[in-house]
Amino acid sequence: MSLPRPLEGIRVVDFTWVRAGPWAARWLGTFGAEVIKVEWPENLDILRMNRFTVPTGVEPGPNSTGQFADTNANKRGITLNVRTPKGLEVIKKLIAVSDVVIENFSSRIMQRFGLGYDVLKQIKPDIVYISMAGFGQTGRHHNYGTMGPAAQALSGLTFLSGLPGVPPAGWGWSYLDDTGGMYGAMCALTALRHRNATGKGQHVDLSQMITGITLTGSAFLDKTVNGRQARREGYPPGNRTTWPGAPVTNNYRGPTVAPHNGYRTKGGGYNDWCVIACFSNQEWKNLVKLMGSPSWADDSRFDTLNGRLEHQEEIDRGIESWTKTLEKYELADKCQADGVRAMPVQSSEDRVEHDPQLRDRGMYTEMDHPMLGRWKFQNAPFKLSGSPPEMHRPPPMIGQHNREVMEELLGLSHHELEDGYKDGTFWPEEMPMYPYVEEALK
Amino acid sequence: MTNNVSPNPAALAGPLSGLRVLELADEKGQFCGKLMGDLGADVIKIEPRGGQNTRSVGPFYKDIPHQDRSLSFWHYNTSKRGITLNLESTEGRELFRRLTATADIVLETFPPGYLPALGLGYKDLASGNPGLIVCSLTPFGQTGPWRDYLTCDLAHLAAGGQMASSGYDADDVADAPPIAPGGGNAWHIGSHYAYMGIMAALFYRDASGEGQYIDASVHEACALTTEGAIAIYLSTGEVVQRHTGRHASPDNSVKIQLPTQDGGWVNVTRSGSALNPARLRRLAEWMDEHGLAQDLLDEKYQDLATVQADARHTTDVLANFFANMPQEDLWTGGQERDFPWGAIRTMDEIMGDPHLEDRGFFVEVEHPELGQSFTYPGAAAIYNGSPWAISRRAPLIGEHNEEIFCGELALSKGELTLLAESGVI
Ligand SMILES: CC(C)(COP(=O)(O)OP(=O)(O)OC[C@H]1O[C@@H](n2cnc3c(N)ncnc32)[C@H](O)[C@@H]1OP(=O)(O)O)[C@@H](O)C(=O)NCCC(=O)NCCS
């Protein structure tokens, strides 16, 4: 790839861990910034231990999880104990030659290290510092910790998801880790842009939990402006826009229409489902025709939106009796060919193996990983014509780039590096070293 | 000294100030435009004559439908000015070209090929303005077999994998379908990534002077946003199973969404804060204050292996404690004891949260047309050197036609009238 990368020349000190923070820094790396992940093996990033993503046949260990790999691609990695005076001195050297510091510890850890923004900006006056504490670093509950699911619950997002009359279904993954990561990257890019324009750095105090509140859509204004009660009959309405029989209130997903639901498809497997939605009378007519105008559907009660909303149960039963005769991709293709909105429910396997669109657009890039072998990484969901994002480096093994960074970038002597391994600066004194770490020291 | 005092927002310009954005966006991209506007860019929303279709999405102010009363439109279109323009007319195209000469960014969500067919594609627009960045945010991008497929939020959450991960344990709701979480998040996910792409392009332009074209796909953005599901499949070949209120996973994990005495729920995420003897003791002492510790103060729990082996039992005892305590006391009591728990809050509980007040999250936005102010959600991040702040409410239809066409493009009032009468604005 000979095109330039957009963030060429930017260096990022990446203290992040778990998912939200690393996902943010991963995008900066994908844009061509030089990202250096700082870790300490005694406080191991839990993604390095994710038991579900060690491929069979691969020796378990901190360098063997697929989830860490994709989340930390395009970075180099060092191990450095910044709680020691010597480690602190080294990290300050690195910060002095960097543009961005990003972290998602709980709110007072950086200050405890002696690396609060007041210190950072003394070391590098125009530094961009992104902190990602769950509740932020400001406000009375800044010390509250969060992982994605709790942040989702607190932000109001969890309550938006589910069927009426039963507990919320919530989000079956850490949506606010993915999103927290996007915001971390967005904040860094925005602050860098501001620095280009003004020469000034700044501290951006992001809160993962608060991010989620705005993502409830107009639920917030429906409360503050209309005083709408959140807990109400028929809400949340599952995959429908409103629950049959309940008073019509907006569900903050878009316009209120019917049909609008998930339907079982042929095969009857766990993910053999397809969604269909008709946004107009015309789209409904298209669907009826496509289904072969069955007698149940050819009913004037369904000609209007009101009628369809009122009789959703009947309509959904009818549609499903048809969708069960077709395989989900075939069904979606047929609907689309006739002007009906429909898409298959896709599992992870479906997206990787069966989705023709993702395949055509090149969603996954393969790179060699020292433990995982040839491995797929997820690309950016956009193409830039002049300076494209690019997957260019597998994730770091823990401590993999200590020598490169310490000697080549920071000018430490080899002797100083060796000393640092002996005195617990670059590796915990009691912990055995991995062969590649020892190899790098030779 | 403290680094946490946010400066007076009025005294500082937002981080994107000085940039002009032309937004031609429906539900797919209006949130991206809002983010740029709230962060200081001069966003001009260009709507079709008669207003963007997103103006007719409810809920409406006092439940009275009107294109200037959509709360959804209000939410997604803060900090923008608004004009109307019929791009299918010669005069409309000409005015649009004149405006793009003043712009840094064009954000558009038309079906692929629509703008180029009008002679308004990236190449046409950039020929007089080489620094221009054009971002097309569409359901599937500009290429590929699904390029022209029709979608909606639900369709994207199906194809993107969100639904395959969200739903219920069979013992909570038998035969439950996969669930698409609400809020319109397919559009948020697409808008976040479009924003990132635009920022990267801007940064590159600062170095090179060159603009570029961005082809962003909502589907790809969603397909990226299921955390570990893809990695689990790639690693083990397993497809995740849906669970109530917690991570979909290949196994039948411990339930963590515990019902409370007052009809609420608290999420007691464990990962990252796995129980050990010291933490379990801290919890048990609290439970004991309410006479609900059962056997958890037993000496055998001073052994890590026992604590880990008994995770399900501990959860049962915890569940009983929760069933006897109110939601608010539980999650804050947990947090005060260093457990990263969160209550399932609705807007009813979020309003007035003192922490959010401390951060200035609740923002009063004036609606002069109604003689009233309303509380909006403010900044998710405090930019200490350049504020993220809502600068104005969403525009009324064509509110800034005169300001922009006459004030900036120097049309006379007479010309403006002719344009309105002939269906251009
Ligand atoms: C995820 C979270 C709950 C984990 O909590 P935690 O395990 O108590 O970790 P903290 O962030 O409080 O502390 C970080 C620890 O790692 C240590 N550490 C990390 N990197 C280190 C390094 N390079 N050198 C020395 N110590 C290091 C710190 O010293 C600290 O340990 P200490 O408290 O014993 O001094 C917390 O980090 C958090 O709330 N983060 C913000 C929200 C977030 O992003 N959540 C995760 C979403 S995926």
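These numbers come from the heavy atoms of this one structure, side chains and all, not from hydrogens, waters or symmetry mates. Convention: sequence-line order gives letters A, B, ...; per-chain numbering from 1.
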Bottom line for A:Tyr263: the part with an atom under 4.5 Å from chain B's heavy atoms is neither

Which one, A:Ile213, A:Leu221, A:Asn379, A:Leu206, leads in non-hydrogen pairs under 4.5 Å with chain B?
-> A:Leu221

Run the numbers on A:Asp205 and B:Tyr383 for side chain to side chain donor-acceptor pair (under 3.5 Å), then give the verdict.
-> CA-CA 6 Å; A:Asp205 167 14; B:Tyr383 283 66; over 6 Å; no

Give, as side chain, backbone, both or neither, the part of B:Ile350 having an atom under 4.5 angstrom from any heavy atom of chain A.
-> side chain

For the ring pair A:His203 and A:Tyr129, is the centre-to-centre distance below 6.0 Å?
-> yes

If you count heavy-atom pairs under 4.5 Å with chain B, which of A:Val54, A:Val275, A:Asn271 comes out on top?
-> A:Val275

Given the options A:Trp375, A:Tyr364, A:Phe52, which has more heavy-atom pairs under 4.5 Å with chain B than any of the others?
-> A:Phe52

Side chain, backbone, both or neither: which part of B:Glu349 has a non-hydrogen atom closer than 4.5 Å to chain A?
-> side chain

Is it the backbone or the side chain of B:Phe361 that comes under 4.5 Å from a heavy atom of chain A, or both, or neither?
-> side chain

Residue selection (most heavy-atom pairs with chain A, distance under 4.5 Å) from B:Asp172, B:Asp353, B:Thr151 = B:Thr151

By a 4.5 Å heavy-atom criterion (distance strictly below it), what part of A:Arg228 contacts chain B: side chain, backbone, both, or neither?
-> both

Here the pair of heavy atoms bringing B:Ile232 nearest to B:Glu238 is CG2-O, 3.8 Å

Against chain A, label B:Leu19 side chain, backbone, both or neither, depending on which of its atoms sit under 4.5 Å from a heavy atom there.
-> side chain

To the nearest 0.5 Å, tell me how far A:Ser387 OG sits from B:Tyr204 OH.
-> 5.5 Å

Proximity of A:Tyr183 and B:His192 rings by center, below 6.0 Å = yes

Answer yes if the side chains of A:Glu353 and B:Tyr233 hold a donor-acceptor pair under 3.5 Å, and no otherwise.
-> yes

Residue A:Ser155 versus chain B: region with a heavy atom under 4.5 Å | backbone

In terms of heavy-atom pairs under 4.5 Å with chain B, the winner among A:Asp355, A:Asp70, A:Thr249 is A:Asp355

By a 4.5 Å heavy-atom criterion (distance strictly below it), what part of B:Ile198 contacts chain A: side chain, backbone, both, or neither?
-> neither

Salt-bridged, B:Glu220 to A:Arg361, with N to O below 4.0 Å?
-> yes

Out of curiosity, A:Thr146 OG1 to A:Asp177 CG, how far, rounded to the nearest 0.5 Å?
-> 8.0 Å

Under 4.5 Å from any heavy atom of chain A - which part of B:Gln162 | both

Inter-residue atom distance A:Cys187.SG - A:Ile130.CD1, 0.5 Å rounding | 5.5 Å

Can you name the closest pair of heavy atoms from A:Trp171 and A:Ser161 and give their distance?
-> NE1-CB, 4.3 Å

At a heavy-atom separation under 4.5 Å, does B:Val240 approach chain A through its side chain, its backbone, both, or neither?
-> backbone

Tell me, for A:Asn50 versus chain B, whether the close heavy atoms (under 4.5 Å) come from the side chain, the backbone, both or neither.
-> neither

Using a cut-off of under 4.5 Å on heavy-atom pairs, state which of A:Ala342, A:Gly238, A:Pro149 scores highest against chain B.
-> A:Pro149

Roughly how far, to the nearest 0.5 Å, is OH of B:Tyr376 from OG1 of A:Thr224?
-> 8.0 Å

Interchain contact, A:Ala380 with chain B, by part (heavy-atom threshold 4.5 Å) | backbone

Checking heavy atoms, do the side chain of B:Phe203, its backbone, both or neither come under 4.5 Å from chain A?
-> both

Checking heavy atoms, do the side chain of B:Val173, its backbone, both or neither come under 4.5 Å from chain A?
-> side chain

Sort B:Asp63 into side chain, backbone, both or neither according to what part of it lies under 4.5 angstrom from a heavy atom of chain A.
-> both

Is the centre of the B:Phe140 ring less than 6.0 Å from the centre of the B:Trp146 ring?
-> yes

Between A:Arg19 and B:Glu227, is there a side-chain N and carboxylate O pair less than 4.0 Å apart?
-> no

Region of B:His188 in contact with chain A, defined by heavy-atom distances below 4.5 Å = side chain

Verify the ring-centre separation between B:Trp74 and B:Tyr61: is it less than 6.0 angstrom?
-> yes

Using non-hydrogen atoms and a 4.5 Å limit, figure out which bit of B:Thr332 sits close to chain A: side chain, backbone, both or neither.
-> both

Who wins among A:Gly254, A:Gly66, A:Ser207 for the most heavy-atom pairs under 4.5 Å with chain B?
-> A:Ser207

Okay, B:Phe60 and chain A: the region with an atom under 4.5 Å from a heavy atom over there is backbone

Among B:Ser217, B:Gly182, B:Gly160, which residue forms the greatest number of heavy-atom pairs with chain A at distances under 4.5 Å?
-> B:Gly182

Which atoms of A:Phe220 come close to chain B, meaning under 4.5 Å heavy atom to heavy atom: side chain ones, backbone ones, both, or neither?
-> both

Is it the backbone or the side chain of A:Arg359 that comes under 4.5 Å from a heavy atom of chain B, or both, or neither?
-> neither

Would you give the length of the straight line joining atom CD of A:Gln378 to atom CG of B:Leu224, rounded to the nearest 0.5 angstrom?
-> 5.0 Å

The reported gap from CH2 in B:Trp265 to CG in B:Asn267 (rounded to nearest 0.5 angstrom) is 12.5 Å

Which bit of B:Phe374 comes within less than 4.5 Å of chain A, counting heavy atoms only: side chain, backbone, both or neither?
-> side chain

